[in-house]
Amino acid sequence: MTRCTVLPIFAVLFYRDSFKTMKNETNDLETLRHSSAHVMAAAVCRLFDSVQLDIGPSTDDGFYYDFDLETRITPEDFERIEAEMNQIIEEDLPFECITVSRDEAKEILKDQKYKLERLADVPEGDAITFYSCGEFQDLCRGPHVESTGKLRAFKIMNVAGSYYRGHETNPMLQRLYGTAFTNPKQLRLYMKQVEEAKKRDHRRLAKDLDLYSISEKVGPGLVHWHPKGARIRSIIEDFWKKEHFKNGYDILYTPHVGKANLWETSGHLDFYKEGMYAPMDVDGQEYFIKPMNCPFHIEIYKSGLRSYRELPLRWAELGTVYRYEKAGTLHGLFRVRGFTQDDAHIFCTQEQIEDEVKEVIRFCNMIWKTFGFTEVKAYLSTRPEKAVGEPAQWDQATKSLEAAIKAEGLPYEIDEGGGAFYGPKIDLKVKDAIGREWQTSTIQFDFNLPERFNLKYIGDDGEAHRPYMVHRALLGSLERFFGILTEHYAGGFPVWLAPEQVRILPLSDDQLEYADEVLKALQQAEVRATVDSKQGKLNGKVKNAQLDKVPYMLIIGGKEQESNQVAVRHRLKGMKGECRLEEFIAQLKKEELAKTTVDMEVSD
RNA sequence: GCCAGCGUAGCUCAGUGGCAGAGCAACGGAUUUGUAAUCCGUUGGUCGUCAGUUCGACUCUGACCGCUGGCUCCA
């Protein structure tokens with residue numbers, strides 16, 4: 001039931017306060033960007049024939065304009081569009097506003113079919129305004145900068161298709177994206193940030209570091225974890241399980257397929273069938289691969305008569321599910337078709353919900369901090385128009401969610417009416433090392449499934465009662481979480497997660513034997529280590545270890561062999577001097593235990 | 001699913017209607033090395049797949065598969 005592959009929020013690209021602006025400056029920037037959109041549209045109209053205009057708003061990191069035109073704009077066109085924009089800026093054309101009657105507006109827009117429809121959206125009685133710069137005129141509410149000469153720094157970023165008004169059934173327009181800043185320096189900083197994000201792309205890093213792959217032969221969106229990626233995942237899973245046991249959860253394992261009837265009862269076949277893999281026939285019965293774990297956990301709940309004395313039940317599972325995601329939506333590890341949710345379901349009484357929710361939020365926050373995500377923000381979604389369950393239940397559940405956020409001291413926003421039909425929820429967003437926000441944990445009440453599956457427990461009054469059910473995914477999916485983590489650390493995993501913690505670099509073949517002794521000692525101490533026994537100079541070995549982002553290198557030459565020591569080189573801090581191996585191991589173990597993440601790089 | 005772009009060696013990428021290329025990696029040899037690339041050599045390809053046009057297709061056309069950027073979707 002929990003949804004765990006949600007696109008990253010790339011909009012928030014600002015980091016290290018570089019672009020922190022006051023409120024009115026933000027408005028100025030929005031105006032500037034909106035004006036840039038007009039200038040871009042003006043340039044496109046000059047360069048291309050019969051352009052149908054739609055709209056060109058500012059966005060969080062720039063602006064866009066939607067057009068319909070015969071010619072397909074490609075990145076090769078960007079340069080001449082930018083040149084034309086510069087020409088318009090050079091001309092320093094004033095932005096002039098005119099107010100017209102509806103009939104006059106219709107006359108002006110008689111050849112602009114999308115604009116005419118947009119005009120129809122302007123409520124009767126509202127002023128209809130046009131802004132012009134030179135020959136270009138656009139139905140627009142404004143405001144704008146005084147003249148085109150005010151634009152100082154802009155860039156066309158990319159072009160993509162976009163449905164008119166965002167509806168799948170509407171024609172597809174061409175959307176030209178750009179960005180603009182008040183000065184070239186800020187634009188350069190922004191471009192640097194975009195570059196930084198590109199360098200951190202987990203798909204690139206995963207190839208460089210040999211973490212995972214997706215095979216065309218096997219199928220899109222199906223992830224193969226390579227030894228190094230699998231090692232990291234295994235460490236994450238071990239940590240995850242241990243923490244769950246420590247926090248009062250039990251772990252479950254459930255099947256990967258279930259009969260059609262199960263999915264009919266759960267309602268998935270009614271509401272979610274297009275998201276499920278096609279059924280298979282087994283002995284004349286239809287079976288579906290699971291897109292969610294909830295029905296199985298519910299079946300375990302129903303395997304016996306439950307007493308209020310057993311509640312709350314907290315059941316977690318690393319449950320692998322398969323969902324048919326549309327082809328065009330797949331993206332590295334962020335959006336896949338087969339993934340493992342770190343799912344949990346809590347069954348409890350009404351009296352318990354507040355404490356339970358509080359615990360879940362605390363638990364989530366603690367886990368995120370451990371992985372080095374210090375900024376966590378909550379989004380509370382309340383009852384939508386169409387909803388199941390009693391309003392009183394919704395109220396109480398919503399209140400308990402809000403109380404839990406407050407108890408944990410998290411900043412939060414409320415999305416009124418944004419909840420699922422089956423219950424209110426909290427989504428957590430975390431900020432990564434370069435300030436991007438990722439939606440991750442989700443905590444959702446469910447007033448639907450307990451009803452559909454007729455869940456009960458016997459209360460202290462001897463009567464049957466309906467338990468409360470809460471879905472919870474903490475990391476979301478292991479695949480997506482691993483992608484986020486890779487980008488967060490820029491591939492430089494901290495010691496406690498690094499698949500290879502130590503690489504031993506013998507200076508020459510004379511040290512191979514000693515290197516092997518050191519390796520065995522490290523292995524005995526459960527340190528993940530390898531020896532670079534290849535031919536070549538130390539230079540090259542250091543370089544390769546650096547590229548593989550191994551946290552520690554142990555250089556072993558004649559000197560070290562003689563003194564029975566190792567020379568320690570840290571990936572980011574360089575040489576740390578020589579010491580006895582036991583000392584190094586003790587230090588490493590300390591770092592591993594502390595799960596230190598302070599040595600993260602901001603850029604490579 | 002929709003719009004656009006792309007698909008050449010393990011990786012990064014050149015290239016042309018007429019014998020398939022480089023760097024790195026891998027492998028072999030030389031070197032025995034002190035903190036981000038030692039030298040020499042060798043191997044490596046159904047140019048995404050299938051059809052069509054052509055005397056001849058990696059190149060042109062079409063369909064399909066996959067990837068990328070968006071849009072839509074994410075009970």
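Residue numbers start from 1 in every chain, and the chains themselves are labelled A, B, ... in the order their sequence lines are given, proteins ahead of strands. Nothing here was measured: the structure is a model prediction, and the numbers come from that model.
To the nearest whole angstrom, the two C1' atoms, one in rC73(B) and one in rC3(B), are 16 Å apart. Comparing the P positions of rU42(B) and rG7(B) gives an interatomic distance of 30 Å, to the nearest angstrom. The same atom, C1', is picked in rG10(B) and in rC47(B); the two are 16 Å apart, to the nearest Å. A gap of 22 Å separates the C1' atoms of rG52(B) and rG66(B), to the nearest Å. With both ends at atom C1', the span from rU16(B) to rC60(B) equals 13 Å, rounded to whole Å. One P atom belongs to rU61(B), the other to rU54(B), and the distance between them is 16 Å to the nearest Å. Comparing the C1' positions of rC58(B) and rG15(B) gives an interatomic distance of 10 Å, to the nearest angstrom. The separation of rA37(B) from rA22(B), taken at their P atoms, amounts to 25 Å, rounded to a whole angstrom.
Every residue two or more places apart in sequence or in another chain that forms a ring-ring contact (aromatic ring centres under 6.0 Å, His included) with Tyr164(A) is listed here: Tyr114(A). The salt bridge (charged side-chain N to carboxylate O under 4.0 Å, His left out) test applied to Arg175(A) returns Asp66(A), not counting sequence neighbours. For Tyr65(A), the side chain to side chain donor-acceptor pair (under 3.5 Å) test picks out Asp138(A), with sequence neighbours left out. Under the rule for a side chain to side chain donor-acceptor pair (under 3.5 Å), Lys541(A) has no partner lying at least two apart in sequence or in another chain. Residues that satisfy the side chain to side chain donor-acceptor pair (under 3.5 Å) test with Thr179(A), not counting sequence neighbours, are absent from this structure. By the ring-ring contact (aromatic ring centres under 6.0 Å, His included) test, Tyr379(A) is found to be paired with no residue, residues two or more places apart in sequence or in another chain being considered. Evaluation of the salt bridge (charged side-chain N to carboxylate O under 4.0 Å, His left out) rule for Arg383(A) yields no partner, not counting sequence neighbours. Considering only residues two or more places apart in sequence or on other chains, Thr59(A) meets the side chain to side chain donor-acceptor pair (under 3.5 Å) condition with Asp61(A). Residues satisfying the side chain to side chain contact (heavy atoms under 4.5 Å, CB included) criterion with Val223(A), sequence neighbours excluded, are Tyr212(A), Ile214(A), Trp225(A), Leu333(A), Val336(A), Glu479(A).
The two residues Ala260(A) and Leu269(A) make their nearest non-hydrogen contact at O-CD1, 3.6 Å. Contact between Pro295(A) and His268(A) at its shortest, heavy atoms only, is CG-CE1, 4.1 Å.
Nearest to the side-chain atoms of Pro220(A) among the listed nucleotides rU35(B), rA75(B), rG66(B) stands rG66(B). Side-chain atoms of Arg569(A) lie closest to rU35(B) of the nucleotides rU35(B), rG70(B), rA75(B). Across rU35(B), rG1(B), rC74(B), the shortest atom-to-atom separation from the side chain of Ala327(A) is found for rG1(B). Listed candidates were rA75(B), rU32(B), rA36(B). Nearest to the side chain of Gln546(A) is rA36(B).
Between the CD atom of Glu274(A) and the C1' atom of rC74(B) there is a distance of 10 Å, given to the nearest Å. Following rounding to the nearest Å, Gln444(A) (CD) and rC74(B) (C1') show an atom-to-atom distance of 12 Å. In this structure, Ile556(A) places its CD1 atom 21 Å from P of rU32(B), rounding to the nearest Å. The distance from atom NE2 of His167(A) to atom C1' of rC73(B) is 13 Å, rounded to the nearest whole Å. In this structure, Trp263(A) places its CH2 atom 15 Å from P of rA75(B), rounding to the nearest Å.
Of all the residues in residues 529-543 of chain A, Lys534(A), Gln535(A), Gly536(A), Lys537(A), Leu538(A), Asn539(A), Gly540(A), Val542(A), Lys543(A) reach under 4.0 Å from RNA chain B with at least one non-hydrogen atom.
Shown here, rC19(B) is classed syn by the O4'-C1'-N9-C4 or O4'-C1'-N1-C2 angle, which is within 90° of 0.
Remark: RNA chain B takes part in the stems B:1-7 with B:65-71, B:10-13 with B:21-24, B:26-30 with B:38-42, B:48-52 with B:60-64, each of 3 or more antiparallel Watson-Crick or G-U pairs, criterion distances under 3.5 Å.
When heavy atoms are screened at a 4.0 angstrom cut-off, Gln511(A) is found touching no nucleic acid atom at all.
Between Gly558(A) and Gly267(A), the residue anchored nearer the 5' end of RNA chain B, judged by the nucleotide with its closest heavy atom, is Gly558(A).
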Check the pair Trp315(A), Phe347(A) against ring pair (Phe, Tyr, Trp, His ring centres under 6.0 Å), reporting the backbone distance first and the verdict last. CA-CA 8 Å; Trp315(A) 289 345; Phe347(A) 302 92; 5.7 Å; yes

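With respect to Asp548(A) and Arg503(A), a salt bridge is recorded, a charged nitrogen being found less than 4.0 Å from a carboxylate O.
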Tell me, for nucleotides 4-15 of chain B in 5' to 3' order, what letter each nucleotide earns: B for a base near a protein heavy atom under 4.0 Å, S for only sugar-phosphate near one, - for neither? S------SS---

